[in-house]
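Inspection log for the structure reproduced underneath, given as structure tokens.
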Amino acid sequence: MPDIELPVLTDRLVLRRFEAGDLDAFYAYHSLPETARFLPGPPKTYTKAMEYVGRYANFVFQKEGDWLCLAVEGRDRPGLLGEVVLKWLPGQGQAEVGWSLAPEARGKGYAAEAAGAVLDLGFGELGLHRVEARLDELNTASAALCTRLGMRLEARHVEKWFYKDQWATELIYAVLAEEWRAEDVPVSGGNPMPGP
Ligand SMILES: CC(C)(COP(=O)(O)OP(=O)(O)OC[C@H]1O[C@@H](n2cnc3c(N)ncnc32)[C@H](O)[C@@H]1OP(=O)(O)O)[C@@H](O)C(=O)NCCC(=O)NCCS
């Protein structure tokens with residue numbers, strides 16, 4: 001895969017590599033139970049947040065299993081708003097997208113704008129064929145985001161996961177490169193990079 005040119009700019013956001021200075025803001029939203037509710041594991045401790053920010057800051061995206069991890073920041077105001085990640089899955093051109101925002105950054109379309117830019121990057125520069133999102137059926141904000149991005153609901157796996165002391169039903173949404181290019185996705189911003 002080619003080198004990834006960062007930062008990526010959208011109408012309102014900058015997607016850039018994580019830095020050590022993001023730690024306190026990352027910890028602030030990842031230590032909240034409401035952020036952790038649909039993520040693996042408990043709310044993050046400061047030590048765990050340090051591990052994540054260190055890993056995200058030094059990500060490489062060169063082989064299956066690697067994660068592309070981008071910090072989301074406002075163009076007009078410095079400070080971490082959240083993150084969007086892309087995991088390289090086994091198979092030809094397959095990846096999984098994920099996202100989290102600080103509570104004060106939700107409800108503004110920022111996740112859709114950031115994820116839209118990452119899908120542009122994935123289907124453009126990275127040459128991906130298919131990107132999926134896996135989520136708990138109860139995570140209605142994530143499901144709405146998938147729909148907003150034009151992802152198709154492909155599967156519903158009843159009580160597939162046991163986490164947070166209960167069974168959870170997994171939804172899988174996906175979008176293909178040709179669908180992404182054909183779609184007039186109503187998310188603002190995006191990477192100006194041309195398709196492959
Ligand atoms: C999942 C998550 C990232 C979604 O964030 P979000 O801000 O709701 O997502 P979007 O960017 O799609 O924003 C949509 C909302 O912004 C509103 N909005 C405001 N201005 C907008 C604009 N210019 N463009 C688009 N939407 C806009 C929409 O109306 C919508 O509001 P609603 O939720 O009241 O209907 C967020 O809930 C989160 O971080 N959750 C915790 C972590 C988590 O669960 N991660 C995912 C695990 S699978």
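Both ligands and their constituent atoms are indexed starting at 1 by order of listing.
- Residue contact check: Y110 has heavy atoms under 4.0 Å from atoms 11 (O) of ligand 1.
- Ligand 1 has an N or O atom lying under 3.5 Å from an N or O atom of N139, backbone or side chain.
- Residues V97 and M151 have side chains in contact (heavy-atom distance under 4.5 Å, counting atoms from C-beta outward).
- Inclusion of G107 in the set of residues having an N or O under 3.5 Å from an N or O of ligand 1 is warranted.
- Under a cut-off of 6.0 angstrom, the local environment of CD in E178 is sparse, with at most 12 non-hydrogen atoms contributed by other residues, nucleotides or ligands.
- For ligand 1, the polar-atom distance check finds an N/O of L101 within less than 3.5 Å of one of the ligand's N/O atoms.
- Without hydrogens or angle criteria, R17 side chain to A57 main chain gives a donor-acceptor distance under 3.5 Å.
- Neither the backbone nor the side chain of H30 comes within contact range of ligand 1; no heavy atom lies under 4.0 Å.
- Heavy atoms of R37 stay at 4.0 angstrom or farther from ligand 1.
- At under 3.5 Å, not a single nitrogen or oxygen of R134, backbone or side chain, sits near a nitrogen or oxygen of ligand 1.
- Within the 4.5 Å cutoff, the side chain of L176 has no heavy atoms near those of the F123 side chain.
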Residues 136-146 side chain polar contacts: donor-acceptor under 3.5 Å, at least two apart:
{"from": "D136", "atom 1": "OD1", "to": "L138", "atom 2": "N", "distance (Å)": "2.8"}
{"from": "D136", "atom 1": "OD2", "to": "Y163", "atom 2": "OH", "distance (Å)": "2.7"}
{"from": "E137", "atom 1": "OE1", "to": "R156", "atom 2": "NH2", "distance (Å)": "3.2"}
{"from": "E137", "atom 1": "OE2", "to": "R156", "atom 2": "NE", "distance (Å)": "2.5"}
{"from": "E137", "atom 1": "OE2", "to": "R156", "atom 2": "NH2", "distance (Å)": "3.3"}
{"from": "N139", "atom 1": "OD1", "to": "S142", "atom 2": "N", "distance (Å)": "3.3"}
{"from": "N139", "atom 1": "ND2", "to": "S142", "atom 2": "OG", "distance (Å)": "3.2"}
{"from": "S142", "atom 1": "OG", "to": "W99", "atom 2": "NE1", "distance (Å)": "2.9"}

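- Not one N or O of E34 is nearer than 3.5 Å to an N or O of ligand 1, by distance alone.
- Counting heavy atoms from C-beta on, the side chains of L126 and F61 come closer than 4.5 Å.
- The contact set between ligand 1 and A141, taken as ligand atoms under 4.0 Å from a residue heavy atom, comprises 37 (O).
- At least one N or O atom of A112, backbone or side chain, sits closer than 3.5 Å to an N or O atom of ligand 1.
- Side-chain contact between Q94 and R130: present, with at least one pair of heavy atoms (C-beta onward) separated by less than 4.5 Å.
- The closest side-chain heavy-atom distance from W88 to L128 is not below 4.5 Å.
- Within the model, atoms CZ of R181 and CG of D120 stand 10.5 Å from one another, a figure rounded to the nearest 0.5 Å.
- Where the criterion is an N or O separation shorter than 3.5 Å, residue side chain and backbone included, T35 fails it with respect to ligand 1.
- Listed by number with element, the atoms of ligand 1 under 4.0 angstrom from any heavy atom of S100 are 39 (O), 42 (C), 45 (N).
- Remark: W167 pairs with F162 by the ring pair (Phe, Tyr, Trp, His ring centres under 6.0 Å) rule, at least two apart or across chains.
- For ligand 1, the atoms lying closer than 4.0 Å to a non-hydrogen atom of L39 are 45 (N), 47 (C).
- Close approach to L145 involves these atoms of ligand 1, each under 4.0 Å from a residue heavy atom: 12 (O).
- When side chains are defined from C-beta on, H129 does not count as touching Q92, because their heavy atoms never get closer than 4.5 Å.
- Remark: among candidates R12, R106, K108, the nearest residue to atom 36 (C) of ligand 1 is R106, based on non-hydrogen atoms.
- Any N or O atom pair closer than 3.5 Å counts here, and L135 shares no such pair with ligand 1.
- At a 3.5 angstrom cut-off on N or O pairs, R148 counts as close to ligand 1.
- Among A36, A114, A111, the residue whose heavy atom sits closest to atom 5 (O) of ligand 1 is A111.
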